[in-house]
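Each remark here refers to the structure printed beneath this line.
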Amino acid sequence: MTTSSSGNDQAGGPAERAKQLRDELWFHNERYYNDDAPVISDGQYDALMQELRELEAEYPELRSASSPTQLIGGSASDRFPQVQHPIPMFSLANAFSRDGLEAWHRRVTDLLDGQPFRMVAELKIDGLAVRLVYRGGELVLGATRGNGQTGEDVTPNLREVRSIPHQLVGDFPSELEVRGEVYLPLDSFRRMNEEKERNGEQPYANPRNTGAGTIRQLDPEVVRDRNMEIWVYSLNDTGNAPMPDGHWEALQRLESYGLRVNHLNRIFDTIDEVCDFYDEMLHRRHDWNYEADGLVLKVDSIAWQNALGVAGREPRWAIAYKFPAERANTRLLDIVINVGRTGSLNPQAILDPVVVSGATVQHASLHNEEDIHRKDIRIGDMVEIERAGDVIPHVIAPVDMPGEERGPIFRMPERCPECDTVVVKVEEDAMHRCPNEGCPAQFFELLKHFVSRSAMDIDGLGERWCRILIDRGLVSDVSHIYNLTREQLTELDRMGDKLATRILENVEASKKRPLARVLFALGILHVGAEVAELLAGRYASIDEIAAAGVDELTEIDGIGPRIAESIVNYFATERNQETIAGLREAGVQMWQQLAPIDDAAQPWKGQTFVITGTLSSMTRKPWAEPPRHR
Ligand code: IVH
């Protein structure tokens with residue numbers, strides 16, 4: 001495409017877009033590098049930067065030496081003395097896919113006239129880049145990156161990072177300059193947030209910014225208290241000592257001087273090997289006491305590194321191969337309330353869709369009102385969300401947006417959004433609940449739970465059919481499932497004979513589920529799979545459980561008064577008694593054959609033991625419990 005320069009200046013044209021992107025990137029650079037408080041995710045930042053780069057590549061007239069594509073975003077604050085970096089502290093180009101990585105590999109191969117090269121693979125630590133200078137083996141300077149040319153002298157703080165030696169060991173050169181990433185270990189971060197929570201204060205948003213903020217505050221004791229650490233990843237040529245031939249060797253030397261080098265670093269010949277290592281590291285990324293957001297690949301040969309040089313602010317000889325992002329910032333558009341099967345009112349975040357770990361996220365959990373207030377999350381806020389592993393994404397906290405007007409404090413509705421019953425909230429329960437056992441939303445959730453794999457396991461009766469059966473008036477109690485006829489099922493739209501047969505067979509098979517499964521399937525408040533097992537371990541039938549009082553139930557280890565009261569309430573409620581009667585009538589087995597206890601296996605049978613005193617690791621209660629039936 002060719003465009004005249006006047007065309008570029010037009011509203012909505014590339015010049016205007018480039019300006020917009022530069023303004024945005026400068027704004028975000030400030031938030032990230034100077035405030036240690038980014039308001040967009042790394043992935044979103046990278047996408048803006050990529051768009052600007054592509055525009056500048058397509059329209060060379062838009063390029064400028066002061067573009068964020070050419071400069072590193074931070075600036076040194078005036079809280080600390082400024083330091084010039086004789087060798088600039090560079091940034092890294094990113095690859096987000098194997099294709100991107102291969103493109104980098106091809107470019108480097110071309111520039112090296114087709115010669116094969118070895119690559120060192122390191123973890124890309126999500127912390128704060130620092131430069132350390134040792135003279136005569138003694139630490140004389142520690143500085144932040146700043147804008148890459150000028151950083152802050154934070155030596156007193158870096159002396160308190162326990163893995164930064166004050167004195168080198170071994171055969172160190174007279175002057176040594178190293179670079180590395182300082183970070184706040186995740187266990188320290190968790191501890192700090194637990195304390196915040198105990199004091200009823202707003203928790204820190206993430207370890208990266210908390211760690212960077214720790215190094216950029218003025219009290220070295222704070223650094224010591226937080227157990228900050230470093231991984232060292234480069235040795236710089238200061239002209240004072242012969243350099244090793246390769247980066248791999250440089251890392252070994254750094255380690256021999258007593259500096260902390262990550263043992264997960266590897267050296268490879270091929271991209272296939274790199275990709276296998278990437279997959280392994282991606283899989284293990286939650287095993288470490290620090291956050292890593294990808295790999296860094298570096299051409300091993302120092303001579304070739306020098307030959308390849310730097311483009312703008314990024315060395316051509318290195319690339320960051322990023323892990324898919326797990327956190328992102330997005331707008332909280334609304335908070336809706338879903339009614340759970342136990343009547344809990346579950347607040348759910350409706351988000352401006354955002355890609356996290358390769359998936360688009362539009363909903364996230366918000367736990368309960370208390371949690372929303374503690375984190376001060378409000379509709380309309382920019383929020384940070386996290387999607388870790390397979391768990392449901394959740395909102396971590398609002399992102400500080402200075403100058404932005406905020407919505408009102410969130411309040412739970414006073415009435416159930418599904419059945420309009422007045423909501424109850426008891427102090428010791430974090431959840432607001434709809435007390436109406438006939439609430440249609442609760443019943444839908446209960447039915448889904450009842451038929452689910454870990455409960456009665458009625459395969460074929462998925463969520464869609466549960467909805468249809470309720471809407472058609474065929475099921476208004478879980479026991480009604482057992483009265484369904486072939487005719488009723490095959491009359492339903494898109495229910496073939498085959499599916500009806502499968503469902504009926506599975507319904508029949510479910511009548512013989514173990515007692516613990518039936519108990520769990522009933523959806524009794526606070527009776528999860530584990531508590532159901534405890535009950536089935538003590539009682540032979542549902543009738544025995546229904547007859548037990550709170551005192552008796554709390555004798556079981558693992559069952560406290562809250563659970564016991566809930567069980568007693570469940571069986572005291574008429575509607576639930578009808579459910580049990582319906583299930584019984586349908587032939588659902590609600591008792592278990594107790595294995596006869598062999599007398600020979602009970603050498604102490606009939607004897608009485610008196611247990612007195614205290615034990616350091618056990619209460620007396622388990623000794624007093626009758627034996628389990630199974
Ligand atoms: S090498 C080659 N190695 O990532 C010049 N950087 O996005 C760049 N980082 O400023 C440094 N782990 O703060 C390098 N193993 C590693 C790294 C690493 C984290 C950071 C560093 C750098 C940023 C670039």
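Here, residue 1 is the first one in the sequence, and each next residue gets the next number. Fair warning: this is a prediction, and the values are worked out from it, not measured in the lab.
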Take a 6.0 Å sphere around [atom1] of [X] and say whether it holds more than 12 heavy atoms from other residues, nucleotides or ligands.
X: Arg464; atom1: CZ; value: yes
X: Gln577; atom1: CD; value: yes
X: Gln50; atom1: CD; value: yes
X: Glu530; atom1: CD; value: no

If you define the side chain from C-beta out and look only at heavy atoms, does anything of [X] sit under 4.5 Å from [Y]?
X: Leu492; Y: Trp465; value: yes
X: Asp381; Y: Glu404; value: no
X: Phe410; Y: Arg378; value: no
X: Asn569; Y: Leu525; value: no
X: Val531; Y: Ile556; value: no
X: Met431; Y: Glu370; value: no
X: Met412; Y: Lys425; value: no
X: Ile503; Y: Leu484; value: no

Donor-acceptor pair, [X] side chain versus [Y] backbone, under 3.5 Å?
X: His432; Y: Asn368; value: no
X: His480; Y: Asp477; value: yes
X: Thr214; Y: Thr210; value: yes
X: Arg331; Y: Asp352; value: no
X: Gln442; Y: Cys434; value: yes
X: Glu291; Y: Pro207; value: no
X: Tyr278; Y: Lys322; value: yes
X: Arg327; Y: Ile385; value: no
X: Glu544; Y: Ala540; value: yes
X: Ser188; Y: Arg226; value: yes

Check your understanding: Who are the side chain to side chain donor-acceptor pair (under 3.5 Å) partners of Arg472, not counting sequence neighbours?
Key ->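 By the side chain to side chain donor-acceptor pair (under 3.5 Å) rule, Arg472 matches no residue at all.
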Residues [X] and [Y] bridged, charged N to O under 4.0 Å:
X: Glu384; Y: Arg208; answer: no
X: Arg190; Y: Asp187; answer: no
X: Glu445; Y: Lys448; answer: yes
X: Arg584; Y: Asp543; answer: yes

Practice item. With side chain to side chain contact (heavy atoms under 4.5 Å, CB included) as the test, would you mind laying out the steps for Thr330 and Val361 before giving the verdict? Key: CA-CA 10 Å; Thr330 189; Val361 174; over 6 Å; no
Exercise for review: Check whether the side chains of Ser344 and Asn346 place a donor and an acceptor atom closer than 3.5 Å, and report yes or no.
Suggested key: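 Yes, a side-chain donor-acceptor pair sits under 3.5 Å.
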Check your understanding: Asn506 pairs by side-chain contact (heavy atoms from CB on, under 4.5 Å) with which of Thr501, Leu461, Ile458, Val451?
Key ->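 So, applying the side-chain contact (heavy atoms from CB on, under 4.5 Å) to Asn506 and each of Thr501, Leu461, Ile458, Val451, only Ile458 qualifies.
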Check your understanding: Which heavy atom in Leu351 sits nearest to a heavy atom in Ala364, and how many Å separate them?
Key ->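 Answer, listing the atom of Leu351 first, then Ala364: CD1-CB, 3.8 Å.
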Exercise for review: Output every pair passing ring-ring contact (aromatic ring centres under 6.0 Å, His included) with a member in residues 544-577, not counting sequence neighbours, ordered by first then second residue.
Suggested key: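 Non-adjacent pairs meeting ring-ring contact (aromatic ring centres under 6.0 Å, His included): zero.
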Practice item. Could you label the plane-to-plane angle of the His367 and His394 rings as parallel, tilted or perpendicular, counting under 30° as parallel and over 60° as perpendicular? Key: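 Ring orientation of His367 relative to His394: tilted.
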